[in-house]
Amino acid sequence: MGYVDLVIENKSRHTDDLFTYQTDRDLAPGTIVKVPFGRGKALKTGYVFRTGVTPAPELAGKIRSVAEVDPDLSMTEEMVETAAWMRQRYGITYVDAVHCFLPPKRGSARGKKKEPYKDAVGEIQEIHRLTEEQQQAVRRIGDAVRKRERKIFLLKGVTGSGKTEVYMQAIRRTLEEGRSVIILVPEIALTDQIIRRLIGRFGKQEIAVLHSRLTLRERYDEWNRLRSGEARIAIGARIGVFAPLPHIGLIIMDEEHESTYKSDQTPKYETVDVAAKRLMAENGVMILGSATPSVVSYQRAKEGIYELIEMNRRYNATPLPEVELVDMREELRAGNNGIFSSRLYQEMQRSLSAGKQIILFLNRRGYATFISCRSCGEAMKCPECGISLVYHKRENALICHYCGKKFPVPRVCPACGSREIRFAGRGTEQIEELVKQAFPDHPSARLDLDTAKNTREIRKLMTSFAKGRTEILIGTQLVAKGLDFRNVGLVGVLAADVSLNIPDYRSAERTFQLVTQVAGRAGRGEEQGRVIVQSYTPDNFALRAAARHDYEAFFREEILIRKLMQYPPFTDLIQVLFTSEEESLAVDTAGRCAAWLEKAKLPNARRILGPKPDPNFKGQNSYRHDILIKCPRGNRNQYIYYLRYFRQKLVEAGTACQITIDVNPYSMV
DNA sequence: AGCACGCCGACT
DNA sequence: GTCGGCGTGCTC
């Protein structure tokens with residue numbers, strides 16, 4: 001007869017603890033059981049976190065017995081270990097952490113059985129000879145896998161250097177060692193190519209796909225195939241990091257710099273952290289792949305926390321495209337207030353007459369992005385989100401890009417009644433119109449969330465471009481990522497300032513990454529491509545570095561700013577959110593929390609900003625305020641510990657204010 | 001979160 | 001007397 005510690009399936013923060021039960025069965029950590037709990041008569045689900053427990057003396061007479069054991073569903077020991085760690089690190093409950101590792105809902109095994117990639121045909125890639133750089137990368141990674149070294153490789157490879165082939169070889173070696181693999185990608189919809197290649201190499205049986213757009217039934221089945229060992233390769237967006245695989249030998253994070261790896265809902269985890277933690281328990285290896293590593297990751301490589309592998313040569317030896325920065329202020333002075341600079345227009349004509357295709361990039365959807373009154377200056381904003389509304393011509397409506405609500409186009413200013421409404425700021429919809437006017441003989445298409453609402457539509461537009469039926473492709477972020485078209489001779493970045501002017505400490509980093517990536521769409525065939533970047537601030541260091549394909553130069557400058565301003569990687573930004581139905585309670589609690597932290601003598605506690613209202617919050621009848629802590633590196637756990645303590649006291653006092661902790665949040669304004 | 005206990009007011 | 005309002009507090 002023995003004792004185990006359980007986490008009880010219960011949403012309340014009051015029961016976020018381990019509970020001791022008696023059992024005569026031999027239960028492993030990760031087992032799922034049914035137990036009596038509290039006064040209720042219904043049995044509750046429990047998760048075994050610890051076994052061989054010696055019960056605390058004060059529990060004498062209180063301990064009850066495990067009633068049932070779930071025969072179909074269980075976690076591994078590593079999974080509960082990681083869940084417990086997540087609770088500490090992200091300030092979440094055991095239950096929230098455990099749910100990450102379980103299939104969506106019990107009982108979802110109903111419905112028709114369906115395999116997500118049933119009719120996907122594997123792509124048998126002829127295996128070219130690897131380049132010298134690729135061979136070396138594969139050798140280093142393979143060695144680490146074989147020797148069970150806990151290593152994290154930062155694979156920094158220019159666009160077209162063949163990172164995917166390195167992944168494939170590393171996967172093969174890991175499988176040969178009898179261990180399993182997780183491949184993470186920023187957006188599964190744009191990952192068809194990788195999945196096909198995986199199927200071609202390793203067979204459909206070995207692969208399971210995990211992402212949030214699968215049906216419940218599909219997710220349940222894929223989860224089981226991984227848990228049972230039928231499939232040993234999991235591929236997915238960030239939730240794939242929770243794949244229920246035993247003996248993980250390798251985790252690959254492709255395009256590691258992408259912001260989609262940070263979860264924006266509870267639990268607000270960082271994918272790379274969870275991955276590293278899981279590998280720690282398994283002695284596994286991680287590959288972080290990118291042409292433009294995040295500043296945080298590259299600094300870690302410089303400090304030796306990650307091991308850097310560089311691949312600077314393109315696979316087909318075509319030189320990187322030539323990037324030209326165009327000063328739009330000069331265009332304006334010369335009387336051109338259009339969206340095309342004379343240089344871009346000239347190059348477009350040249351490109352088209354040479355039979356080459358063009359990609360135009362603009363990071364703004366819609367027709368006009370700023371609607372205001374000429375006489376009183378009132379700007380049209382979403383009444384709920386407070387964000388500028390965007391005019392969409394085809395829909396003939398103003399749309400809020402945050403909440404998606406539509407509003408009729410005003411004839412007169414709602415504030416002063418003037419008829420002079422100004423439609424400023426061009427978006428992709430208008431660019432498409434202008435392109436069709438300027439180049440009526442060359443078919444063009446637009447690829448953004450308005451023209452392509454699902455994967456199939458995205459694919460359709462891409463196929464049309466790949467086959468040359470479309471000559472000019474206009475698009476948002478969607479065209480920046482992963483497109484591999486041979487015949488693109490020219491890429492135009494219409495307004496590089498859009499991402500540069502976002503009030504976030506990462507705006508320079510994002511801009512550098514974006515420009516580098518879009519530029520990488522040009523000249524993937526035999527001939528060198530050309531890129532034109534239009535900007536009102538062409539002297540910006542991030543743009544200049546991107547134009548020279550000089551990551552190092554960008555990094556040198558950016559890291560100085562981060563240091564000076566005390567931003568990551570030199571600090572962790574801890575955002576603490578206070579949500580309440582009473583605004584004064586949210587403000588008060590936030591203020592008390594900030595004051596309490598300052599008094600608690602934590603290192604550098606003077607770097608606490610706020611409280612202030614959370615600009616990103618849209619709640620019907622509740623209010624949210626936040627404080628922001630620039631937490632010095634290495635003190636993060638201590639701060640989280642204190643915040644959890646503060647919250648626990650509030651919970652015990654029954655205060656009607658909810659506290660959420662977000663470390664290094666996804667968006668910061 | 002549930003769920004029972006308990007300490008008050010208005011009913012057959 | 002006792003039925004039931006929901007405030008209070010505990011769950012191994």
Side-chain angles (χ1 to χ4, degrees), chain A residues 1-70 73-75 77 79-81 83-88 90-108 216 265-268 577-582 585-586 589 619-622 624 643-661:
Chain A
M1 191 159 62
Y3 296 91
V4 291
D5 274 354
L6 304 185
V7 166
I8 306 293
E9 174 66 50
N10 203 334
K11 275 186 202 141
S12 169
R13 279 228 133 91
H14 294 91
T15 49
D16 181 39
D17 211 338
L18 294 174
F19 291 87
T20 308
Y21 281 80
Q22 200 183 73
T23 178
D24 46 14
R25 276 174 273 220
D26 188 21
L27 302 178
T31 308
I32 300 177
V33 296
K34 293 276 186 203
V35 290
F37 185 69
R39 293 180 238 263
K41 45 204 173 302
L43 292 178
K44 290 218 161 246
T45 302
Y47 308 102
V48 177
F49 265 60
R50 283 191 217 144
T51 56
V53 171
T54 312
E58 66 270 22
L59 292 180
K62 283 181 164 182
I63 297 179
R64 303 164 86 177
S65 292
V66 172
E68 297 166 19
V69 176
D70 192 320
L73 207 57
S74 68
M75 293 179 282
E77 183 166 7
M79 285 155 77
V80 291
E81 221 176 85
W85 170 88
M86 283 176 70
R87 173 176 177 268
Q88 291 289 335
Y90 302 120
I92 58 175
T93 61
Y94 277 120
V95 170
D96 281 338
V98 163
H99 283 173
C100 295
F101 289 94
L102 291 176
K105 242 265 145 61
R106 317 280 239 101
S108 52
L216 287 183
Q265 302 153 20
T266 312
K268 301 184 180 228
L577 305 162
F578 302 83
T579 317
S580 173
E581 286 175 21
E582 267 179 83
L585 185 63
T589 317
Q620 272 81 329
N621 28 28
S622 59
R624 175 177 282 179
L643 286 166
R644 287 168 54 98
Y645 179 82
F646 184 85
R647 181 173 60 197
Q648 194 54 37
K649 288 281 161 241
L650 275 200
V651 169
E652 281 164 18
T655 312
C657 181
Q658 214 189 307
I659 299 188
T660 318
I661 303 162

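Remember, predicted model here, so these are calculated numbers, not experimental data. Reminder, nothing fancy here: chain letters follow the sequence lines and each chain counts from 1.
A close approach under 4.0 Å does not occur between any side-chain nitrogen or oxygen of A:R39 and OP1 or OP2 of C:dT11.
The separation between A:F37 atom CZ and C:dC10 atom P is 13 Å, rounded to whole Å. For the pair A:L43 CG and C:dC12 P, the interatomic distance rounds to 12 Å; values are reported in whole Å. Counting to the nearest Å, the P atom of C:dC12 and the OH atom of A:Y3 are 14 Å from each other. Atom OH in A:Y94 sits about 16 Å away from atom C1' in C:dT11, given to the nearest Å.
Remark: side-chain polar atoms of A:R50 are not paired, donor with acceptor, to backbone N or O of A:L18 under 3.5 angstrom. Looking at A:Y94, its side chain never comes within 3.5 Å of a backbone N or O of A:T15 through a donor-acceptor pair.
In this structure, A:P103 and A:L73 have side chains that are in contact, with non-hydrogen atoms separated by less than 4.5 Å. You'll find the side chain of A:Y47 reaches within 4.5 Å of the side chain of A:E9, heavy atoms only. Residues A:Y90 and A:D96 have side chains not in contact (no heavy-atom distance under 4.5 Å, counting atoms from C-beta outward).
Listed by residue number, the members of residues 6-21 of chain A with any heavy atom below 4.0 angstrom from DNA chain B are A:N10, A:S12, A:H14, A:T15.
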For this session: Encode nucleotides 3-8 of chain C as B, S and - characters from 5' to 3', where the letter depends on protein heavy atoms closer than 4.0 Å: B to the base, S only to sugar-phosphate, - to neither.
Result: ------

Donor-acceptor contacts under 3.5 Å from residues 51-65 of chain A side chains, at least two apart:
unit_1 : atom_1 : unit_2 : atom_2 : d
A:R64  : NH1    : A:G38  : O      : 3.1
A:S65  : OG     : A:Q22  : OE1    : 3.4

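When A:K11, A:R87, A:R644 are each tested for a side-chain hydrogen bond (donor to acceptor under 3.5 Å, both in side chains) with A:D16, only one passes: A:R87. Of the candidates A:V80, A:T23, A:L6, A:L6 is the only one forming a side-chain contact (heavy atoms from CB on, under 4.5 Å) with A:V48.
Residue-level contact check: A:I63 touches the backbone only, with heavy atoms under 4.0 Å from sugar-phosphate atoms and none from bases.
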